[in-house]
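Heads up, the thing below is written out as C-alpha cells.
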Amino acid sequence: MIFIPRKRLASDSALKVAEAGKNVGFILSCLGSVAGLLLSFSIFLSGQSLHLELPQTTPLGAMAFTVDQLSAFFLGTASFLGAAISLYSLGYTSEYFHKRHVGLFIFLYNTLFLTLVALLSAANFVFFLFAWEVMSFTIYFLIVFEHDDEASRRAGFLYVVMSHVGTAILTGMILVFFVQAGSFDFAALRSNAHQITPTLKSVIFLCSFIGFGVKAGIVPLHIWLPEAHPATPSNISALMSGVIIKTGIYGIVRVSFDLLGTGPMWWGILVLAVAVVSAVLGVLYALMEHDLKRLLAYHSIENIGIILMGVGAALVFNSTGNKTVAALALIAGLYHVLNHATFKGLLFLGAGSVVRATHTRNIEELGGLAKKLPYTSFFFLIGAVAISALPPLNGFISEWLTFQALLLGFTTADLTVKLAIPVTVALLALTGALAAACFVKAYGITFLGLPRSNAADKAKESPRSMLVAMGILALGCVVLGIFPGIALSALNPLSASLLGASMTNEVSLVGPTMILSASPSTSIAPALMLALLAGFAGLPIVAGILMGGKLRTRIAKTWVCGIETLRPRMQYTATGFSKPIRLIFSSIYRARHEIEISEDVSPYFKTEIRYEVTMEHIFEEKLYKPAMRGILSVARFGRRIQTGHIQSYLAYIFIVLIILLWATG
Amino acid sequence: MNDIITNALLLILQLGVTVLMAPFIFGIIKKTKARIQNRRGPSIFQPYADLTKLLKKEVVISENASWLFSFTPYLLIASTLVIVILVPTVFAPLPFHWIGDIITVAYLLALGRFFLALAGLDTASGFGGLGSSREMSIASIVEPAMMLSIFAVAVTAGSTNLSIVVRSLSTTPASIFNPSHLLAFVALFIVTIAETGRIPVDNPETHLELTMIHEAMILEYSGRYLAFIEWASQMKMVIFLSLLANLFFPIGLATVLSPAALGVSIVAFVAKMTLLAIGIALVESTNAKLRLFRVPDLLMTAFILSLLSLILYFIVGA
Amino acid sequence: MPIIDQQTLVRSVDILATGILVTAFLIISSKSLTFYVRLFAFQSILLGMLSLVIAVRYGETHILTAAVLTFVVKAFTIPLLLNKVIDRIRVRKEVDFSINITVSLIICGAIVILSNSVAQPILQVQRAGSLFTTKVLPISIAVMLIGLFVMISRKKAVTQIIGLLTMENGLFLSGLSITHGMPLIVEVGIFFDILVAALILGLFVFRINKSFETIDIAAMRSLRH
C-alpha cells in the first residue's frame, strides 16, 4: 500500500508544472504499479493475505483492506498493465500540451489507479461501493476528457446512465446481503452465507451478475462499451479494456465463489448462456466495425464472453460436485483475464500509436503502415496473433484450458449440461475462428498494402517510450504463452482457496513450459512448439538450396490486370473484406445497404458510386429503445406534478409527512 | 540411447511419409478426375516435377510487399510440419505427440491461414484481398465443424491427443465407427473438401476472379515461395486424409514397433489414402462448384452434423 | 444359428439409420431438386439395406418383401418418375425459402434432440422386446419430423413430394424399429399408396405448372377466390 501517498503527490505536482510534472506523474504511477506488482507477487509467494485496518472507523464499518490471493491476482494484472501504460503515456500525452489540461489528465489517471487499488483490496462492501462509485466517476471524466467532441459527451452520458443502473442494483444486492448476514464485512459474510435462504442467494447472485455485468460489458448490458472505448484517449482505453471491465469479473467471482459458496446449477447455465452470446455477438459486431478502437472494444465484449465461459463452467461443475474440473475452468477463465489484459492492452496501445500518427481511427483511410510504423506494426501483429488464440501465444493457452475444462465436464450426468457443453464448445471454436478473420482484416487493412489516405502516407513512428511499453506487453504475450506454468502455478492455490479443490487432478504442470492434462491424458508444450516452428522454418530453406540453389528474387510491380499503376483505391476495403461474413450471418446483422450510382453517358461509365451499409443492433433496437420510450413516458407523466410553484412542493412535503406520521403512529 | 534413435527414426518416418506422399495424393486425384472425364491425364508423379521446377525458379516479389510476404511461406511450411508430427499416419503414439493435441492442430492450421491471408493483403492486389476475405470467411465456419467432428471421436477415447485417440481406437475395435462417428465422418469429409479447397467449395484449377478463393489469395506468389505454399497445401491434404483414415478406420495402424507391423501399416495407409483420394476425385467430378454464398449452407450442414454427433454421443452414449 | 449375430445387427442397423438421418440433413442443406431426388434414392437404398439386414437376422419374409419393394419402388421407380417431372417442368432450383437454410439446419438439429427425449419413455417400455431400437426410434421420429419440416419450409411442389416421401421413410423405419415392421399387407398397401401419391402429385405438378406457369405452391393461394 506504500504507493498510494506517492500517487497523490504525483497528481498534485503535476497540476503545477506541465512537462516535468507529466514525467514525474507517469513515472511515479509506473513505479507505483511496479510496487503493486511486487505486492501481488509477494502475496502469491508467501500464500498469506495482507490485512490492513485504518484507525478511523466510519459508522458503516472499518476502513479495512484485505489483499487475498484473488485480490492479488487482479491487482497484479492491473499493475502489470498499469506499468506499461504509464510508460506509454509519457510519450502519448506529449501531444496534449497546449491542447488539453495535462495536469487534470494525470490527476484523473492516478485517481483511477488509486480507486482501482482500493476497490480490489476493500475488505467490506461499504468501502468497496465507495471505491466503485469514485472509479465510475473518474472514468466518466476520462471519457469526456476530449469534451469538445460530441461523440465523447454522448458516450459519457450513456456510460453514466448504465453504470448507475448497475450501481443501484449492486446497492440492492449489498443491502440484501446485509439484512441476511448482518454485516458488510467480507469475512463475516463468508462465514454467515450458509444462513441465507437459497432464494435470496439466487437474488444476490442475479443482482451481482447484472450489476457487475454492466461494468464487464456482457451482452445485453454492453451498449456503453463500444461508445466509451473509442471516446477516451488510447492509454485509458487500454486501461479500461484491460483492467476496469475486469473489475466486473472480480466482483462476480468474489460474490459467487468466495462469498456465496456453492449455488444451484442454473447460475452457471445462465452465465454460460450470456457468455456464449457475448462472445459470438461481440466478435460478429467487431467484424463489421471499421473504427479501429470500436473494433477492439467489441473484441473486449467477446473476450469477456470467453472469460465468463470459464467462470460459468466453473459454477456449473461446482454445483454438480466436479470440484477439480470447476477449478480448471475457473483457472482457465482467470488466466484469460490476465491474457486479455496483456494482448488487449497491447492492441489498444498499438491503435493509439496509429491514431497518434494518422489522426484517424477509420481503417478504410489507413494502409501501408507496416512500412511507416515498423515497430508498432510488429507489436500489433503479436497482439493480433495472441487475441486470435493462435499458438504459441497466450490467447491460445487460455482457450485451450477452457476447451479442456468443457470437454472434461462431459462426464456430468445432467441433460442440460450435456446439451449446454457441446454448444458452448462449438461457439467457442466459432468465436476463435471469427476473431482470426477479424484481425486479418484489422491488421491487413491498417498495416498492409498501400496507404489509402494522405495521413497514412505521412505517418511517423511513435516516440520510444510508447514503443518500449508496447514491447513489454508483446513480450508478456509471448512469455505467458510459452511459459504458462508460471501463472498457472500461482492460480492453482487461488482456485484451491475458492473452491477447495485444485486443478492438478485434471491438469498437471511439468515445469513452466508444459501443461499436462491428466484425466483425458492430453498435453501441450508451447515452448517446444515454438522451438519446432523455428526449427522447421529452416527446413524449406535447406530444401530450397539443395534442390534449386540460392534463392533468387526480383522486385516487380503487383499484377493489376495490365493497368499501368496500382492505385490505393484499387485495393480491397475493410467493408469488402467482411462482406462474405455479413452475408453468412445476415440474419444476425439485419444489414441495410444503399447503393447510389451516378452514370455519365451510358450505364457502362459510372462517375460515382456511393455504398453505405448500416447494421441494426438487435439489443439497441428491441430492448433499449422501447425501455427508453417507457421511461420517457413515465417521466412525462411525472412532469405533471412538477408545477414550479414553491407552495405545491411544500404541500407535497406536508402530505408525505402526514402519511409517514400516520403510517408509523 | 536406443530410445532416442527409435524416436528419431519414427519422427523421420512420420515426416518422410507425409512430405513425400503429399504430391502423390494430388497426382492420384488429378489422374482419377482425368480418367472420369475420359482423358488420359498427367502421370501421377507430375506434381513432383512441378514442385522441383518451381523450387528452381526465381521469386518475383511485389514492390508493395512488406517482410510478411517473404516470411509467410516459411511459417506456413513450419506450422504444417509441426502439425505433421502430431497427426498419426502409420504409427501411434508418435514420439512428440505430447507437444499438442487436436485443438493445437486446428489452431496451427489457423496460424498458417492467418499469415497467408495477411500475405494476400500485403501486395495491395485486389485479388489477394478477395481471396483472403473469402478464405477467412469460409474458414470461420469450417474450423468449428472440424474441431467438433474430431472431438466427437476424441471423447470416445477420452483424450484430445490424436496419438492416444488413434491408439486407443485401434486397440479396442468395438469402439470404431458408431453412429455418432458416422455423423462426424460426414462432417469431417465436408470440412476436408472445404479446407483443402476442392470442388464444390473451391476449384484448385481455376483462376477466374469470380470463383477462386485459395488461388486468389496466393496469386502474387511465384517460384520457390509458390512451391513451398503448394507443398504445404498438399501436406494439408495428407493431414486431413490421414485424420479421416485413422480416426474413423484405424485398421492396420501399427501400435507396436516391429518391422512387420510397420510394413502392414504402411501398406494399409497407402491403400486408405488412395481410396480417399479417389473418393475426393469422385466428389469433384460429380458435383459442380457451388456459388460462393451457397458454400456456407454446406459448411453449416457440417457444423450441425458435427454438433449433433457430439450431442448424440453424450445423450445416447454412442 | 442366425447368419448375422446380434452385435453386428445392432451396429449395422444403427449406422444405416444414422446414414438416413444424414441424408435428411443433406436434403435440408441443398437447393437443387435433382440433388433432392438423388438423396432420396440414396436414403431409400439405406432403408432397404437396413430392412434387409433385419430380414436376414430374423428370417422374416415379409420384411424381406418390404426390403425388395423399398429398392424397387422408392429407390428406383419414384426417383425415375420425379426426375422425369423435373426434366419436363424445367425447374431445377428451390428458391425463395420461407426459412433460410442455416436456420432450418439449426431447427432440424433441435428436432433430433427433441425426438430423442420423446423416444426415451417409449424405449423404456419397449426395451424388453427388441434390442436394436435405442438409436433407431429417435432417429426415425426425427426423420419423420424433418420430412414434415421440408414440406413446411420449402415451396416447390416437387420438394413437397420429397418431404412427404422422407416422412414415409421415417414412418417405415419407426415401424421396423418397434415391431419388426407392420403386417405385410399394410406395408404393401403403403407402398402402393405412396407410389400412387407420387404419381398423382407428379401429375399435379404438371397441371399446376401449366395453369400457373410456376410450381411455387404459394401461387395456389389464388385458388381461394
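For the numbers below, each heavy atom of this structure counts, side chains included, while hydrogens, waters and symmetry mates do not. Here is how names work: the chains are called A, B, and so on, in the same order as the sequence lines, proteins then strands, and each is numbered from 1.
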Practice item. Find the one option among A/G444, A/A426, A/G432 whose heavy-atom pairs under 4.5 Å with chain B are most numerous. Key: A/A426

Review point. Do the non-hydrogen side-chain atoms of B/L68 and A/F447 ever get within less than 4.5 Å of each other?
Key: no

Check your understanding: Roughly how far, to the nearest 0.5 Å, is NZ of A/K441 from OG of B/S133?
Key -> 10.5 Å

Exercise for review: Can you tell which part of A/F396 gets under 4.5 Å to a heavy atom of chain B, answering side chain, backbone, both or neither?
Suggested key: side chain

Check your understanding: If you tally heavy-atom pairs under 4.5 Å against chain A, which of B/E63, B/M146, B/K53 wins?
Key -> B/E63

Point to revise | Side chain / backbone / both / neither for B/K57 at chain A, heavy atoms under 4.5 Å | key: backbone

Point to revise | Structural part of B/L15 lying under 4.5 Å from a heavy atom of chain A | key: side chain

Exercise for review: Determine, stepwise, if the pair B/L118 / A/L381 fulfils side-chain contact (heavy atoms from CB on, under 4.5 Å).
Suggested key: CA-CA 10 Å; B/L118 284 183; A/L381 181 65; 3.7 Å; yes

Revision key, fill the gap. Chain A shares the most heavy-atom pairs under 4.5 Å, among B/L81, B/V142, B/L76, with B/L81

Point to revise | More than 12 heavy atoms of other groups within 6.0 Å of B/Y48 OH | key: yes

Revision key, fill the gap. Bottom line for A/L532: the part with an atom under 4.5 Å from chain B's heavy atoms is both

**Study point:** Region of A/L566 in contact with chain B, defined by heavy-atom distances below 4.5 Å
**Key:** side chain

Check your understanding: Checking heavy atoms, do the side chain of B/F127, its backbone, both or neither come under 4.5 Å from chain A?
Key -> side chain

Check your understanding: Just how far is it from atom NE2 of B/H97 to atom OG of A/S523, taken to the nearest 0.5 Å?
Key -> 6.5 Å

Check your understanding: What part of A/T573 lies closer than 4.5 angstrom to a heavy atom of chain B: side chain, backbone, both or neither?
Key -> neither

Review point. So which part of B/V82 gets closer than 4.5 Å to some heavy atom of chain A, the side chain, the backbone, both or neither?
Key: both

Practice item. Could you walk me through whether A/Q404 and B/D101 pass side-chain contact (heavy atoms from CB on, under 4.5 Å), step by step? Key: CA-CA 11 Å; A/Q404 291 297 343; B/D101 58 355; 3.0 Å; yes

Point to revise | Inter-residue atom distance B/F293.CZ - A/I584.CD1, 0.5 Å rounding | key: 7.0 Å

Exercise for review: Locate the shortest heavy-atom distance separating B/Y107 from A/A389; write the atom from each residue and the value.
Suggested key: CD2-O, 3.0 Å

Point to revise | Minimum-distance pair of heavy atoms, taken over all atoms of A/V440 and B/M136 | key: CG2-CE, 3.7 Å

Review point. Side chain, backbone, both or neither: which part of A/L528 has a heavy atom under 4.5 Å from chain B?
Key: side chain

**Study point:** Part of A/I581 lying under 4.5 Å from any heavy atom of chain B
**Key:** both

Exercise for review: Using a cut-off of under 4.5 Å on heavy-atom pairs, state which of B/D122, B/L55, B/I102 scores highest against chain A.
Suggested key: B/D122

Review point. At a heavy-atom separation under 4.5 Å, does A/F585 approach chain B through its side chain, its backbone, both, or neither?
Key: neither

Review point. Does any non-hydrogen side-chain atom of A/F536 lie less than 4.5 Å from one of B/T80?
Key: no

Check your understanding: Relative to chain B, which of A/G449, A/S377, A/G367, A/P374 shows the most heavy atom pairs under 4.5 Å?
Key -> A/G449

Point to revise | Structural part of B/L292 lying under 4.5 Å from a heavy atom of chain A | key: neither

Exercise for review: Return the option, out of A/L407, A/L428, A/L287, with the maximum number of heavy-atom pairs under 4.5 Å with chain B.
Suggested key: A/L407

Review point. Any donor-acceptor pair under 3.5 Å linking the side chain of A/R554 with the backbone of B/E58?
Key: no

Check your understanding: Which atoms of B/I77 come close to chain A, meaning under 4.5 Å heavy atom to heavy atom: side chain ones, backbone ones, both, or neither?
Key -> side chain

Check your understanding: Roughly how far apart are A/Y443 OH and B/F114 CZ, rounded to 0.5 Å?
Key -> 9.0 Å

Study note, to complete from the structure: Turns out that what part of B/A110 lies under 4.5 Å from chain A's heavy atoms comes down to both

**Study point:** Closest approach of B/I99 to A/M529 (non-hydrogen atoms, all atoms of both residues)
**Key:** O-CE, 3.6 Å

Check your understanding: By a 4.5 Å heavy-atom criterion (distance strictly below it), what part of A/M547 contacts chain B: side chain, backbone, both, or neither?
Key -> both

Point to revise | Contacting moiety of B/I85, where chain A heavy atoms sit under 4.5 Å | key: side chain

**Study point:** Contact class of A/F439 relative to chain B, heavy atoms under 4.5 angstrom
**Key:** both

**Study point:** Smallest separation among heavy atoms of B/K56 and A/R552, with atom names
**Key:** O-NH2, 2.6 Å

Revision key, fill the gap. Closest heavy-atom pair, A/P422 versus B/L307, reported as atoms and distance to 0.1 Å, is O-CD1, 3.6 Å

Review point. What are the two closest non-hydrogen atoms of B/M147 and A/A429, and how far apart are they?
Key: SD-CB, 4.1 Å

Point to revise | Between OG1 on residue B/T104 and CZ on residue A/F403, distance to nearest 0.5 Å | key: 11.0 Å

Check your understanding: Quick one: what part of B/A145 sits under 4.5 Å from any heavy atom of chain A, side chain, backbone, both or neither?
Key -> neither

Exercise for review: Heavy-atom distances under 4.5 Å only: say whether A/V560 touches chain B with side chain, backbone, both or neither.
Suggested key: neither

**Study point:** Residue selection (most heavy-atom pairs with chain B, distance under 4.5 Å) from A/G576, A/G549, A/A556, A/G548
**Key:** A/A556

Practice item. For the pair A/L533 and B/L111, evaluate side-chain contact (heavy atoms from CB on, under 4.5 Å) and give the outcome as yes or no after the intermediate values. Key: CA-CA 11 Å; A/L533 277 176; B/L111 179 72; 4.3 Å; yes

Practice item. Take B/T123 and A/W559 through the test side-chain contact (heavy atoms from CB on, under 4.5 Å) and record every step on the way to the result. Key: CA-CA 9 Å; B/T123 56; A/W559 184 68; over 6 Å; no

Study note, to complete from the structure: If one checks every heavy atom of A/L583 against chain B at 4.5 Å, the contacting part turns out to be side chain

Point to revise | chain B contact via A/K557 - which portion, at a heavy-atom distance below 4.5 Å | key: both

Revision key, fill the gap. Under 4.5 Å to a heavy atom of chain A? For B/L219 that would be side chain

Point to revise | Distance (rounded to the nearest 0.5 Å) between B/S62 OG and A/L450 CG | key: 8.0 Å

Point to revise | From CA spacing to verdict: side chain to side chain donor-acceptor pair (under 3.5 Å), A/T558, B/S125 | key: CA-CA 6 Å; A/T558 302; B/S125 144; over 6 Å; no

